[in-house]
Protein chains: 2
Amino acid sequence: MDISPSVQSFVFHFGEMGSRWGFNRTVGQMYALLVVTERPLSANELAETLNISRGNVSMGMKELQSWRLVQVSHIPGDRKEYYRVTGSIWDMANTIFEERKKREVDPTLSLLRDNLLEEPKDQEEAFALEKMQEIHDLLEMLTQWSGELQRLSPEKLSTLMKLGAGVSKMLSMKDQLFAKNNQPNSDS
Amino acid sequence: MDISPSVQSFVFHFGEMGSRWGFNRTVGQMYALLVVTERPLSANELAETLNISRGNVSMGMKELQSWRLVQVSHIPGDRKEYYRVTGSIWDMANTIFEERKKREVDPTLSLLRDNLLEEPKDQEEAFALEKMQEIHDLLEMLTQWSGELQRLSPEKLSTLMKLGAGVSKMLSMKDQLFAKNNQPNSDS
DNA sequence: TAGATGTTTCAGAAATTTCTGAAAGTTTAA
DNA sequence: TTAAACTTTCAGAAATTTCTGAAACATCTA
């Protein structure tokens with residue numbers, strides 16, 4: 001398959017960046033190509049277009065499926081498997097965040113929690129545990145926060161974004177509002 | 001230097017995770033050790049404690065300094081250089097986000113912007129450009145948003161976090177507030 | 001059942017990244 | 001100026017990751 005120069009630069013760039021997001025160069029390229037291509041592509045098309053081996057494509061698709069970023073689809077009367085991305089760009093970002101959280105943050109939280117059960121034996125250990133506690137709390141905050149964002153629809157999110165420098169403002173609004181009611185808490 | 005088992009597990013874990021955050025195993029270990037150690041450590045102490053070469057420590061400190069995560073400090077009457085982390089855990093998270101943005105997101109945005117200047121030649125290219133536009137917009141949103149968060153004090157952030165499932169609720173409040181385009185209204 | 005058309009697997013080759021340690025460089029002090 | 005105490009550099013060794021391609025496997029059809 002031929003690709004235009006801008007698609008090519010996009011694909012190469014995401015190959016390089018891909019490693020930062022948890023997959024290797026060729027997997028990043030395969031994903032990028034699928035993102036910007038409307039119709040599903042066969043493994044052979046991917047291999048030829050990107051100049052990589054058929055086996056590599058097979059492994060890459062397996063990995064992207066394990067990330068829930070790619071699905072298989074079939075064309076009636078054709079035995080080949082065709083691949084396409086799952087969902088929108090927003091879904092893509094959500095999925096990547098979620099998977100990375102599962103793979104990176106969750107194990108870290110679990111290790112920190114285990115360590116925090118110990119009693120410090122001396123001043124040095126107490127300091128270390130204090131720092132671990134801080135990291136733990138920070139990660140929990142981020143986790144909770146990102147969960148919130150994920151549950152928002154893209155439309156709502158966009159509204160939120162457009163508030164621009166307003167997050168801080170929103171906070172004081174919230175204070176104002178709840179000052180007059182009596183529940184500062186919005187648990188459900 | 002001797003380290004307790006929990007510190008050891010912390011250090012090893014951050015060594016493994018470190019690569020996800022943009023630095024390699026030993027750099028991750030060095031940083032983790034500095035985070036949980038109150039007093040500054042010399043290069044030799046780092047090398048001995050982590051069983052790595054002196055040269056590696058030198059390179060690692062250089063890298064962590066380029067990330068603005070570590071600073072050099074001196075002890076009067078001692079010619080050695082001692083290293084310690086800069087700022088709080090919150091500062092650490094901010095710095096890492098900021099640096100990663102600079103290294104990963106900014107170049108991507110710039111590439112996307114360049115590509116988006118092109119006129120699509122056919123339907124396929126139009127689709128590709130559309131997707132690139134969506135990614136561009138998403139990244140801009142995230143960039144703006146994270147800028148907001150960074151400007152918040154940890155205290156305010158904590159308030160925001162405690163809103164818990166309230167972000168969505170807050171949004172509708174905001175709609176209510178601005179619907180009439182006048183001052184806040186105390187009904188809920 | 002054989003053969004055609006596809007996919008997956010995985011040993012080891014290739015590429016890349018990381019690490020070591022010796023040599024070179026720097027700074028201080030006598 | 002020399003020496004001592006320290007740091008940095010970098011060639012190439014070691015470790016790790018990625019990729020290939022041939023063989024094994026799967027499925028369908030005649």
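Only this structure's heavy atoms are used, side chains among them; waters, hydrogens and symmetry mates stay out. On a predicted model such as this, the values are computed, not experimentally measured, just so you know. Quick note on labels: first sequence line is chain A, next is B, and so on, each numbered from 1.
Near-neighbour residues of DNA chain D inside residues 61-86 of chain B, defined by a heavy atom below 4.0 Å, number-ordered: B/K62, B/R79, B/K80, B/E81, B/Y83. Contacts between residues 9-45 of chain A and DNA chain D, counted as heavy-atom distances below 4.0 Å, involve A/N24, A/T26.
When the shell of 6.0 Å around CZ of A/F97 is examined, it contains 12 or fewer heavy atoms from other residues, nucleotides or ligands. Atom CG of B/D2 is surrounded by 12 or fewer heavy atoms from other residues, nucleotides or ligands within 6.0 Å. For CD of A/E124, the number of neighbouring non-hydrogen atoms (other residues, nucleotides, ligands) closer than 6.0 Å is 12 at most.
Partner of B/R84 under the side-chain contact (heavy atoms from CB on, under 4.5 Å) criterion, chosen from B/Q71, B/R39, B/E38: B/Q71.
Aromatic rings from B/Y31 and B/W67 are positioned such that their centres are separated by 6.0 Å or more.
We find that CE of B/M59 is positioned 12 Å from P of C/dG21, with the value rounded to whole Å. A/I52 has its CD1 atom 16 Å from the P atom of C/dA15, to the nearest Å. Distance CG (B/N56) to P (C/dT17): 16 Å, rounded to an integer number of Å. Straight-line distance from the CD atom of A/E48 to the C1' atom of D/dG21: 16 Å, rounded to whole Å.
Annotation: cation-pi pair B/R20/A/W21 absent, no NZ/CZ under 6.0 Å from the ring centroid and within 45° of its normal.
In the model, A/S9 has a side-chain atom that pairs as donor or acceptor with a side-chain atom of B/N115 under 3.5 Å. With hydrogens and angles left out, the side-chain atoms of A/T26 and A/N24 include a donor and acceptor closer than 3.5 Å.
Listed nucleotides C/dT8, D/dG21, D/dT7 differ in distance to B/R54; the shortest reach to its side chain belongs to D/dT7.
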